[in-house]
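To keep things clear, I will list the structure first and then write my remarks on it.
Below, chains carry the letters A, B, ... as their sequence lines are ordered, and counting in each starts from 1. Every heavy atom of this structure was used, including side-chain atoms; hydrogens, water molecules and symmetry mates were not.
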Protein chains: 2
Amino acid sequence: MPPFIPENFLPYLLNQAAEQTSLAFSTVYRDRYNMLRTEWRVLFHLGHYGDMTASDIARLSKMHKTKISRAVKALEDKRFIAKRAASEDRRRDTLSLRPEGRRAFDDLCAIAARHNARLLAPFSPGERLILLDCLQRLSGLADSAPDSSRL
Amino acid sequence: MPPFIPENFLPYLLNQAAEQTSLAFSTVYRDRYNMLRTEWRVLFHLGHYGDMTASDIARLSKMHKTKISRAVKALEDKRFIAKRAASEDRRRDTLSLRPEGRRAFDDLCAIAARHNARLLAPFSPGERLILLDCLQRLSGLADSAPDSSRL
DNA sequence: TCTTGTTGGTTACAAATGAGACTTTATTCT
DNA sequence: AGAATAAAGTCTCATTTGTAACCAACAAGA
């Protein structure tokens, strides 16, 4: 086990890495679409996984529901997404991307993909595989991902 | 290069991993010492690297100076650290741990080390090496670490 | 010396967040 | 059916954070 120094303390290391890697991209969605990170995340979930309710997003992204509620309202105001009452349960609203939101999603995704590639570029393919795998296990994202349950 | 899906997007992945891994430990310093994360970080820097000024901590940790200023004040109120005017430059204050702060640091460090070991336990030694190395490179922490400049 | 610019640190105000109460609708149990 | 419980989502308030202005001390140049 490596020695306990700041450079080996995972919570600290992950936080720093997260901030460093998020910085450049956050200016993109902020400057281009005046979005906050939570809004970009909600947009991303809807664009990637398709229509879903706020609580679906909460389960997937592990964000608190109040954060999502606020992001949804902001995205509605921007005309990026639309709400419609979910078929049976009148408590739920199904969220979906409007054409304008789809365009923003496509645009941002292209930039995000490039950004991600640049971030991963310094690592060897083997390192990339291990890094991503470790992070997925640490993040607990695989636990609730919709795709993994369909295997 | 891996496909661009949420589970491979580093900023998102790192954020989720950071939140997951920080959660358990944040309750420790909060419940035991009523500290915020920024306070724990400042305490940690002083405990690990020795006396330094607020701007030293800012450079090392890449935290904004207002955050540090507030954390320093809170730690002073808790009697964990003390300020004294830095020798020459009367703008700077050298920060140092009081005995009480040292005790808290030792206590929290022991718990943090155990926590870190538990987080790293699921990975093989090879994975650990690569994970930590990748994260250090992504975090930019190595850039300004005082030890690396002494090599 | 007297400006001009820079740095360390604090303060003030606006914006974002978290925790929990609250409303409405669905579910379960008797 | 009626009461109790739970879930989806919103709202409110206290806490935390970010941005920028600010003050004091230093530094450099005319």
With a 4.0 Å cut-off, would you call B/Arg103 and B/Asp107 a salt bridge?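 No, this pair does not count.
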Salt bridge B/Glu39-B/Lys67, side-chain N to carboxylate O under 4.0 Å: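 Answer for the salt bridge query: no.
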Is there a donor-acceptor contact under 3.5 Å linking the side chains of [X] and [Y]?
X        : Y       : answer
B/Tyr29  : B/Asn34 : no
A/Asp56  : A/Tyr49 : no
A/Gln136 : B/Asn8  : yes

Please confirm whether the ring centroid of B/Trp40 lies under 6.0 Å from the ring centroid of B/Phe25.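 Distance test on ring centres: under 6.0 Å, yes.
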Would you indicate whether the side-chain heavy atoms of A/Asp77 and A/Lys73 approach each other to under 4.5 Å?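 With C-beta onward as the side chain, the pair touches.
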Scan nucleotides 17-26 of chain C nucleotide by nucleotide, 5' to 3', and note B when protein non-hydrogen atoms come under 4.0 Å of the base, S if they reach only the sugar-phosphate, - if neither. BBBB----BS
Audit row: A/Leu46, A/Ser96, side chain to side chain contact (heavy atoms under 4.5 Å, CB included) steps and yes/no: CA-CA 6 Å; A/Leu46 290 175; A/Ser96 50; over 6 Å; no
Using a heavy-atom cut-off of 4.0 Å to chain A, what are the terminal contacting nucleotides of DNA chain D, in 5' to 3' order?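 The contacted stretch runs from D/dA6 to D/dT12.
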Specify the residue among A/Asp56 and A/Arg30 whose closest nucleotide of DNA chain D lies further upstream toward the 5′ end.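 Mapping each residue to its closest nucleotide by heavy atoms, the 5'-most match is A/Asp56.
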Presence of B/Ser69 side-chain N/O under 4.0 Å of C/dG9 phosphate oxygens OP1/OP2: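 Checking B/Ser69 against C/dG9: no side-chain N or O falls below 4.0 Å of OP1 or OP2.
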